[in-house]
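Presented below is the structure to which this report refers.
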Amino acid sequence: MAADEEILITDVAEYLQLGVAYLSGGRTSEGFPIVTLPDCSKFTNIKDEDFVRVMTYLVRIPSLLEYDKGFIILVDRRTESWSGVKSTLMRIAGYFPGIIQCVYVLKPKGFLQKTLSDVRFKFIKDDFKFQIVLLDSVRELHGVLDPGQLTEEFEGSLAFSLKAWIEDRMAIERFASNCKERSSAVQTLSDELTQTPLSNDEDGALEMLLEHRKRHMEVREDLTSAMKYGQTLLSCMRRPLQEFPDQNPDKIATTCAIERLLVQLEETEKNFETLWEEHELKLSQCLDLRRFENEFTQVLIILDNIHDKINSAMELGDSVSRVQYLIRIHEDLQNDGQAALDRADKFGEQGNNLIDQNHYAVDCIKPKCSEVSTKTREISEKIKKRAMVLERSLDLQQRIEKAQNWCSKGMKLLAEQEMDRCQSKDGALQYLADIKDCLDGVNDIKLNNPKEFRIMFDNILTTEAKAGITEVIGKMEDVKTMFEKRKESLDKVVAKFERPVQAVPATPVTPPSPDMPNGTPKPRKNRKSKGQVGNKKYTK
């Protein structure tokens with residue numbers, strides 16, 4: 001049998017029940033445990049290896065300190081012959097697995113056997129390395145061992161029941177085995193928890209957390225069950241001690257052993273819970289990190305999509321309706337962008353919470369938060385800038401449209417002025433008022449201030465827009481020129497009607513002369529001066 005082989009009560013209960021040996025709990029004054037080999041008719045039928053197993057089991061029950069001190073062996077061979085005594089001593093010498101302080105032997109009762117034992121013992125006592133004391137009677141035994149440490153079969157007062165002792169040993173070993181299994185399960189799970197690498201994806205991290213929680217709960221329930229069993233067993237062991245204080249000291253030792261097992265079990269549970277709390281926190285943080293990383297990927301995709309849309313929206317529009325359409329498109333993009341920015345803000349809050357919680361991956365979380373924050377600011381600025389540009393483009397196109405409408409209105413006004421009515425004073429004045437009203441509307445268009453244009457529209461004036469503005473300004477100048485000419489003509493008409501009428505003096509009526517028959521004077525011939533032809537002068 002191997003020295004470290006584990007032996008349980010179930011392995012030796014058969015031989016203990018036969019009465020091969022027992023450990024009553026009695027001790028000498030020096031504290032040596034007493035191992036008793038009672039009178040057993042089937043002792044010689046026990047194999048040596050079974051005898052070794054029984055002895056090994058018994059000597060392992062006392063404490064290590066007591067084991068190191070050694071044992072007293074009490075052999076009862078009162079109903080045996082000398083041969084039975086000798087075979088027992090030989091077995092003890094060859095197979096007892098501990099230190100033997102002394103062997104007390106109650107010799108056979110018959111006179112012949114007693115005498116024979118004394119004679120023959122003298123020849124073999126030197127063959128043994130331990131002390132052997134042959135006793136003739138129980139009275140002599142009481143002279144060397146305290147009767148209070150002896151059982152009833154040796155006329156002692158030590159309360160001992162082999163059947164009850166075996167049952168107690170079975171109960172405590174069952175509990176010890178249970179504790180050992182639970183401790184082993186705890187150790188196995190603890191090693192697995194500490195050695196299992198963290199998952200690299202969210203689903204794996206969640207699955208690992210749930211699986212480990214399940215296994216932790218199973219082990220914890222087993223520990224709780226074992227502790228309840230141990231507490232119940234301890235209560236059962238204490239009850240006889242409370243009712244009968246003078247119980248076998250081995251009973252007290254058994255109770256102490258159960259208490260030690262319970263303390264060990266509680267310590268195991270405490271250490272396991274401490275390890276689990278740390279491990280669960282790490283698993284939870286791992287799951288939070290994987291979710292954070294997934295959200296980071298999704299947020300980046302959304303932000304990059306918004307960013308690309310903003311960068312691709314370069315058109316400024318070439319009409320009011322087109323710019324208004326672009327503004328509606330940008331408002332939709334702005335709404336999408338705001339949703340993306342709100343999600344990015346929540347992502348930032350999530351990251352800050354993890355940092356505040358002293359997450360183990362802070363160095364990984366901070367750069368991601370910074371990257372999203374930078375993209376968020378950039379997109380916000382681009383959205384605002386695009387809205388401002390479109391607003392200015394709408395202002396510009398509205399001015400251009402007003403200018404075009406003004407030109408069309410002016411041309412129509414000029415075309416609708418009737419020439420006949422233009423010759424009348426009232427008609428001319430009305431047309432002049434219409435022209436003045438139309439010219440006054442030019443100030444509302446505000447296309448003729450280069451400085452204002454540079455301030456407001458320089459960053460949105462494309463080559464096409466500049467050409468369009470130049471064209472419409474040219475048309476406006478043409479219309480203005482036509483207005484000026486028409487106004488000049490109408491002013492002359494009005495002036496004609498407003499010119500004062502000169503008084504003409506009356507010509508006196510003269511009576512007809514004889515030279516004027518019928519009262520009509522005869523025409524006179526013009527006399528031309530010398531050197532003149534008509535009204536022209538000639539110079540020699």
E331-N335 side chain donor-acceptor pair, cut-off 3.5 Å: no
Nearest heavy atoms of M55 and P97, plus distance in Å: CB-CD, 3.5 Å
Y15/F51 under ring pair (Phe, Tyr, Trp, His ring centres under 6.0 Å): CA gap, chis, key distance, verdict: CA-CA 8 Å; Y15 309 108; F51 175 78; over 10 Å; no
Electrostatic pair E140:K107 at N-O distance under 4.0 angstrom: no
Derivation and outcome, salt bridge (charged side-chain N to carboxylate O under 4.0 Å, His left out), residues E153 and R78: CA-CA 12 Å; E153 62 183 313; R78 287 175 290 179; 5.5 Å; no
Non-hydrogen atoms of E280 and R213 that approach each other most closely: OE2-NE, 2.9 Å
Non-hydrogen side-chain atoms of V35 and L23 separated by less than 4.5 Å: yes
Short side-chain donor-acceptor distance under 3.5 Å, H142 and E155: no
Cationic N near anionic O, under 4.0 Å, K368 to E295: no
Residues D39 and T79: side-chain donor-acceptor under 3.5 angstrom: yes
Exercise: do N353 and Q357 side chains pair donor with acceptor under 3.5 Å: no
Any V52 side-chain heavy atom under 4.5 Å of E49 side chain: no
Criterion side chain to side chain contact (heavy atoms under 4.5 Å, CB included) against L150, the qualifying member of V138, T36, L145: L145
Whether H279 and H212 hold their rings parallel, tilted or perpendicular, with breakpoints at 30° and 60°: parallel
Residues E293 and R290 bridged, charged N to O under 4.0 Å: yes
Cation-aromatic face contact R182/F272, 6.0 Å, 45 degrees: no
Q231 atom CD: more than 12 heavy-atom contacts under 6.0 Å: yes
Electrostatic pair R392-D395, nearest N-O below 4.0 angstrom: no
Side chain proximity check, T44 to T88, heavy atoms < 4.5 angstrom: no
Nearest atoms (heavy-atom pairs only) where L326 meets G317: CD1-N, 3.5 Å
D363, CG: over 12 other non-hydrogen atoms inside 6.0 angstrom: no
Whether over 12 other heavy atoms sit under 6.0 Å from E207 CD: no
Between R91 and S87, a side-chain donor and acceptor under 3.5 Å: no
Cation over ring face, R174 and Y229, 6.0 Å, 45°: no
Heavy-atom closest pair, residues I61 and W165: CD1-CZ2, 3.4 Å
Minimum-distance pair of heavy atoms, taken over all atoms of A13 and M170: CB-CE, 4.0 Å
Atom CE of M90: over 12 foreign heavy atoms under 6.0 Å: no
Residue pair L265 / L261, side-chain heavy-atom distance below 4.5 Å: no
Ring pair (Phe, Tyr, Trp, His ring centres under 6.0 Å) evaluation trace for Y22 with F160: CA-CA 10 Å; Y22 61 82; F160 178 77; 4.9 Å; yes
